[in-house]
**Student:** 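Input: one structure, supplied below.
All heavy atoms count here, side chains included; hydrogens, waters and symmetry mates do not.
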Amino acid sequence: MRRVARLPEIALLLVAALGETAGLLAANEASTTAKTQARRAAPTFYRDVLPVLQAHCQVCHRTAGIAPMAFERYEETRKYAEQIRVATQTRVMPPWFADRKVGKFSDDPSLSEAEIALFADWVQSGAPAGDPNSGSLARSWADRWTIPAPDLELKMPEAVKIPADGEVEYTYEVVPTHFSEGRWVQAS
């Protein structure tokens, strides 16, 4: 009888011990999983940052672009990681002067909150390069243009003189096209 009386107590102790062990194992597994996900989730240049640079920044920040530095390759971009973080968080870059409260514009280069956070996370994690094969292909840019290469380039017959200061009256400038039929202008 004594054994029977103690059996429930032993069973309870075993259940408690197993529960505690399972809890420790689960906590350890969760910790390991969290660390693995944190390592995996750290943004890298090639996988995460480069596509954003291509979509929003390389229109100016590319070889022979109008910006003073190119953001096409990791080595050249890494040097400016902290400046990129600050410029994007303060919304100095990419430049956009339209009032965001007015509406949406089709050519707005502004970054989303997630893209701004991506740059901050990348810098905070040490601006890792990642696997060069995990990135997108280099974007092809038309020489001298931020728009697709034009079918036709027209030049003013003579330069318009603009004074160094003061107001300039609105003028109409006529550029001969020598078109024999009507044409649509897509970009200028």
Side-chain angles (χ1 to χ4, degrees), residues 38-171 173 175 185-188:
R39 274 195 303 274
R40 195 174 331 134
T44 67
F45 177 78
Y46 291 106
R47 184 188 64 222
D48 306 295
V49 173
L50 183 58
V52 177
L53 292 171
Q54 289 172 330
H56 296 275
C57 309
Q58 286 182 4
V59 67
C60 299
H61 290 276
R62 67 176 193 267
T63 304
I66 63 171
M69 74 285 287
F71 296 151
E72 296 168 298
R73 290 176 291 286
Y74 174 73
E75 297 75 23
E76 61 196 7
T77 307
R78 170 68 178 94
K79 296 185 281 189
Y80 297 98
E82 178 59 21
Q83 290 91 330
I84 292 169
R85 183 194 66 76
V86 171
T88 56
Q89 285 188 328
T90 58
R91 292 196 179 270
V92 171
M93 288 287 160
W96 181 248
F97 304 105
D99 187 343
R100 286 179 174 79
K101 296 178 214 125
V102 172
K104 292 255 183 221
F105 296 87
S106 63
D107 59 348
D108 182 355
S110 300
L111 299 172
S112 68
E113 293 300 325
E115 290 166 328
I116 292 169
L118 170 74
F119 283 118
D121 292 345
W122 179 60
V123 172
Q124 184 178 0
S125 63
D131 178 5
N133 297 320
S134 69
S136 53
L137 297 174
R139 188 164 174 189
S140 178
W141 295 95
D143 187 36
R144 303 180 320 135
W145 299 97
T146 59
I147 59 175
D151 296 322
L152 175 68
E153 187 176 342
L154 302 172
K155 299 207 182 278
M156 305 269 300
E158 61 182 72
V160 175
K161 293 180 171 60
I162 300 175
D165 56 23
E167 291 185 26
V168 178
E169 292 294 320
Y170 188 83
T171 63
E173 303 301 329
V175 179
V185 176
Q186 183 180 14
S188 63

**Student:** Hey, what do you get for CH2 (W96) to CZ (R91), rounding to the nearest 0.5 Å?
**Tutor:** 13.0 Å
**Student:** On the 0 to 90° scale, with breaks at 30° and 60°, tag the F71-H61 ring pair as parallel, tilted or perpendicular.
**Tutor:** parallel
**Student:** Around E76, counting heavy atoms of other residues, nucleotides and ligands shown, do more than 12 lie under 6.0 Å from its CD?
**Tutor:** yes
**Student:** For D165, is the CG atom crowded, meaning more than 12 foreign heavy atoms sit under 6.0 Å from it?
**Tutor:** no
**Student:** Are there more than 12 heavy atoms of other residues, nucleotides or ligands under 6.0 Å from atom CG of D151?
**Tutor:** no
**Student:** Between atom OG of S136 and atom CG of L53, what is the distance when rounded to the nearest 0.5 Å?
**Tutor:** 9.5 Å
**Student:** Looking only at heavy atoms, which two atoms of P94 and P109 are closest? And how far apart?
**Tutor:** CG-O, 3.1 Å
**Student:** Please round to the nearest 0.5 Å and tell me the distance separating atom CZ of R62 and atom CZ of R73.
**Tutor:** 13.0 Å
**Student:** Looking at P51 and F45, what are the two nearest heavy atoms and their distance?
**Tutor:** CD-O, 4.4 Å
**Student:** Enter the distance from I84:CD1 to K79:NZ here, rounded to the nearest 0.5 Å.
**Tutor:** 11.5 Å
**Student:** Does CG in L137 sit with more than 12 non-hydrogen atoms of other residues, nucleotides or ligands closer than 6.0 Å?
**Tutor:** no
**Student:** Please check this pair: side chain of R85 against backbone of V123, looking for a donor-acceptor N/O pair closer than 3.5 Å.
**Tutor:** no
**Student:** Rounded to the nearest 0.5 Å, how far does CH2 of W122 lie from CZ of R47?
**Tutor:** 12.5 Å
**Student:** Run V52 and L111 through side chain to side chain contact (heavy atoms under 4.5 Å, CB included) and show every step you take.
**Tutor:** CA-CA 8 Å; V52 177; L111 299 172; 3.7 Å; yes
**Student:** Restricting to non-hydrogen atoms, name the atom on F105 and the atom on A98 that form the minimum distance, rounded to 0.1 Å.
**Tutor:** CE1-CB, 3.8 Å
**Student:** Test salt bridge (Lys or Arg N to Asp or Glu O under 4.0 Å) on E173 and K161; report intermediate values, then the result.
**Tutor:** CA-CA 12 Å; E173 303 301 329; K161 293 180 171 60; over 6 Å; no
**Student:** What are the two closest non-hydrogen atoms of A120 and Q89, and how far apart are they?
**Tutor:** CB-NE2, 3.5 Å
**Student:** Can you name the closest pair of heavy atoms from K101 and D99 and give their distance?
**Tutor:** N-OD1, 2.9 Å
**Student:** Using 0.5 Å steps for rounding, measure from the CD atom of Q83 to the OG1 atom of T77.
**Tutor:** 11.5 Å
**Student:** List the atom of L118, the atom of P43, and the distance in Å for their closest heavy-atom pair.
**Tutor:** CD1-CB, 3.4 Å
**Student:** Apply side chain to side chain contact (heavy atoms under 4.5 Å, CB included) to residues E72 and Q58 and explain how you reach the verdict.
**Tutor:** CA-CA 7 Å; E72 296 168 298; Q58 286 182 4; 3.9 Å; yes
**Student:** Determine, stepwise, if the pair E115 / T88 fulfils side chain to side chain contact (heavy atoms under 4.5 Å, CB included).
**Tutor:** CA-CA 9 Å; E115 290 166 328; T88 56; over 6 Å; no
**Student:** Take atom CD of E158 as the centre, draw a 6.0 Å sphere, and report whether it contains more than 12 heavy atoms from other residues, nucleotides or ligands.
**Tutor:** no
